[in-house]
Amino acid sequence: MTGNDIDRPRLHIRPASGWLNDPNGLGVVDGVHHVFFQYNPNAPVHGDVHWGHVTSRDLLHWEEQPIALAPRPGGVDAVGCWSGSMLFDEGVPTLLYTAVADTPHTAGVVRATPADPKLRTWIADDHLLAGSAEPAELEVRDPVVFAFGGHRYAAQGAGRHGGSGRIEIYLCDDLERWESRGVLLDGTDAVAATLGASNIWECPNLFELDGRWVLLYSVWRDATGPVREDAVAWLVGDLEDTPDGPRFRPERAGFLDGGTSFYAPQVLLDGSRRLMWAWLREPDGDTHAEEAGWSGSLSFPQDLSLDAEGALRARPATELKGLRRAPAPVASDGEIAVSAFEIAGTTAALELWLGEQQVYAHRGDPAAIRLFVDGSVVEVFTEGRPTFSARAYPSTGGIWRLIGGEGTAVWELGVD
């Protein structure tokens, strides 16, 4: 075991090595949860993008499956199989993904269907179902399908570097015939404008929740040097059926996570609940990946709801209580000497430190908190607040330490 091995999360979804980013293609088939994700199996850097695939019957134990999608030299996805989603087309689990042949400006949508009943292998079309109408400037990607008004539509994130983001909409009752229905929402909307300017809206999700419609998108802002991923926006409102196609009319808006690692979530209809996974990325400028041989993790599954004021909130999926193995020993100075643990309870003051780094702090009125640590992954759920996701690396020599937290219990986490 190298020093960086203690940083690798063991209970979250991620392969033993390589690069991981966006969750994709979430679905439940015959009682099995399927989670796909952006994956470079050959290096801990973004590139040569495949789709990795894991399955679970309990959301605790995950089984890695064969790679589902891979770039095809000379094909429509030669540069990468980028983000997308799962739908059921006449009952058949079907993947839609962003195929990149050369540059993001000419990316398009490709369909893949299963080659076996357990969805371990997939066959992708060799042609695009839809492409960018303005390939010289516009970037369009990350298809997600929804039903509305007796029709099937697809939403895609879009935007321009130096321009502004938007969500495009397509009629796709027939997957071979995509018809543009214009713009679902863009930054000129007064409610969306309260979230600030952004150049591309990525990874859209559009779904019904508690009698309202919810739109999520991930904010891509241009910066000097590398592009900077900043936040995940949520908007709650109504979907209006207009002669030009569906249009989203938001009434409230905010950001889903208050940390620095949460990006590109995808939402799954799982029975009566909406479950969400996100990419938990390494910090900008982090150099641990080259030595460790891996980068990125998916979040724990989160259950979405609207609070009394109509704001979108997330809480840990109920199944995660099944990770609790035993009370974790906490030393008199607050030291927690296990690599995966949960702090749960109601408290007015709590601080989590790793060595000299303060990773999280709660001060104020008593609030119900559930805080998870798994290797270098930290996820915090606080009643009435956005989630908080961060990365902190035990390999730097730090020891986890809890200060305060009266009214909470500490659990060691694991799976059998």
Side-chain angles (χ1 to χ4, degrees), residues 1-14 16 56 58-62 258-262 280 282-283 288 292 294 297-303 314-383 385 387-416:
M1 175 180 289
T2 67
N4 279 311
D5 282 333
I6 65 174
D7 296 332
R8 187 164 68 86
R10 307 289 176 169
L11 304 176
H12 288 72
I13 295 170
R14 79 139 291 111
S56 176
D58 61 7
L59 299 183
L60 302 177
H61 300 81
W62 293 94
T260 58
S261 296
F262 184 98
L280 302 182
E282 314 300 326
H288 97 284
W294 61 269
S297 172
L298 295 192
S299 69
F300 276 143
Q302 303 179 12
D303 191 351
R315 61 180 181 269
T318 302
E319 288 86 347
L320 294 179
K321 288 187 177 179
L323 294 174
R324 295 175 178 176
R325 286 294 166 264
V330 181
S332 59
D333 64 354
E335 180 180 328
I336 303 173
V338 294
S339 61
F341 57 90
E342 177 187 355
I343 303 170
T346 299
T347 186
L350 178 153
E351 297 179 14
L352 180 70
W353 291 73
L354 181 63
E356 299 302 312
Q357 176 190 1
Q358 185 183 78
V359 180
Y360 178 77
H362 169 74
R363 303 180 188 91
D365 294 335
I369 293 178
R370 292 182 67 186
L371 186 156
F372 296 89
V373 170
D374 178 21
S376 58
V377 167
V378 179
E379 295 185 81
V380 187
F381 302 82
T382 304
E383 182 181 21
R385 296 187 182 184
T387 57
F388 177 88
S389 304
R391 306 301 299 275
Y393 301 95
S395 63
T396 60
I399 301 296
W400 292 108
R401 189 160 50 94
L402 171 65
I403 297 177
E406 288 78 7
T408 66
V410 183
W411 297 87
E412 184 174 5
L413 302 181
V415 291
D416 297 327

- Query: From Thr396 OG1 over to Asp7 CG, what is the distance, rounded to the nearest 0.5 angstrom?
  - Reply: 7.5 Å

- Query: Ignoring hydrogens and geometry, is there a side-chain-to-backbone donor-acceptor pair from Arg324 to Trp411 under 3.5 Å?
  - Reply: no

- Query: Are side-chain heavy atoms of Val373 and Leu352 found at a separation under 4.5 Å?
  - Reply: yes

- Message: Any heavy-atom pair between the side chains of Ile369 and Val380 that's under 4.5 Å?
- Response: yes

- Could you tell me whether the side chain of Ser56 and the main chain of His61 form a donor-acceptor pair under 3.5 Å? yes

- Task: To the nearest 0.5 Å, tell me how far Leu354 CG sits from Ser376 OG.
- Result: 10.0 Å

- For the residue pair Phe388 and Leu371, establish whether any side-chain heavy-atom pair is separated by less than 4.5 Å. no

- Item | Trp294 and Pro9, any side-chain heavy atoms less than 4.5 Å apart | yes

- Message: What I'd like to find out is whether the side chain of Leu60 reaches to under 4.5 Å of the side chain of Leu320, using heavy atoms alone.
- Response: yes

- Message: So that I can tick it off, tell me whether Glu342 and Lys321 are bridged by a salt bridge, with the cut-off set at under 4.0 angstrom between side-chain N and carboxylate O.
- Response: no

- Message: Please check: side-chain N/O of Thr408 versus main-chain N/O of Gly345, any donor-acceptor pairing under 3.5 Å?
- Response: no

- Item | Side chain to side chain, Ser395 and His288, heavy atoms closer than 4.5 Å | no

- Please state whether the rings of Phe341 and Trp400 are parallel, tilted or perpendicular, taking 30° and 60° as the class boundaries. perpendicular

- Task: Examine the side chains of Tyr393 and Glu282 and answer whether a donor and an acceptor come within less than 3.5 Å of each other.
- Result: yes

- Item | Side chain Asp374, main chain Arg10, donor-acceptor under 3.5 Å | yes

- Task: Indicate yes or no for a side-chain donor-acceptor contact from Arg401 to the backbone of Trp353 under 3.5 Å, with no hydrogens or angles considered.
- Result: no

- Message: Between Glu412 and Val338 (side chain of the first, backbone of the second, donor and acceptor by atom type, cut-off under 3.5 Å), is there such a pair?
- Response: no

- Message: Nearest 0.5 Å, please: how far is CD in Gln302 from CZ in Phe262?
- Response: 5.0 Å

- Query: Are the side chain of Thr347 and the backbone N or O of Glu406 linked by a donor-acceptor pair below 3.5 Å?
  - Reply: yes

- Task: Check whether any side-chain N or O of Arg325 sits under 3.5 Å from a backbone N or O of Gly322 as a donor-acceptor pair, and report yes or no.
- Result: yes

- Note on the structure: Distance col, row His12:NE2 vs Glu379:CD, nearest 0.5 angstrom, shows 3.5 Å

- Task: Taking Arg315 for its side chain and Phe381 for its backbone only, find out whether a donor-acceptor pair lies under 3.5 Å.
- Result: no

- Just wondering, do Phe372 and Leu11 contact through their side chains at under 4.5 Å, heavy atoms? no

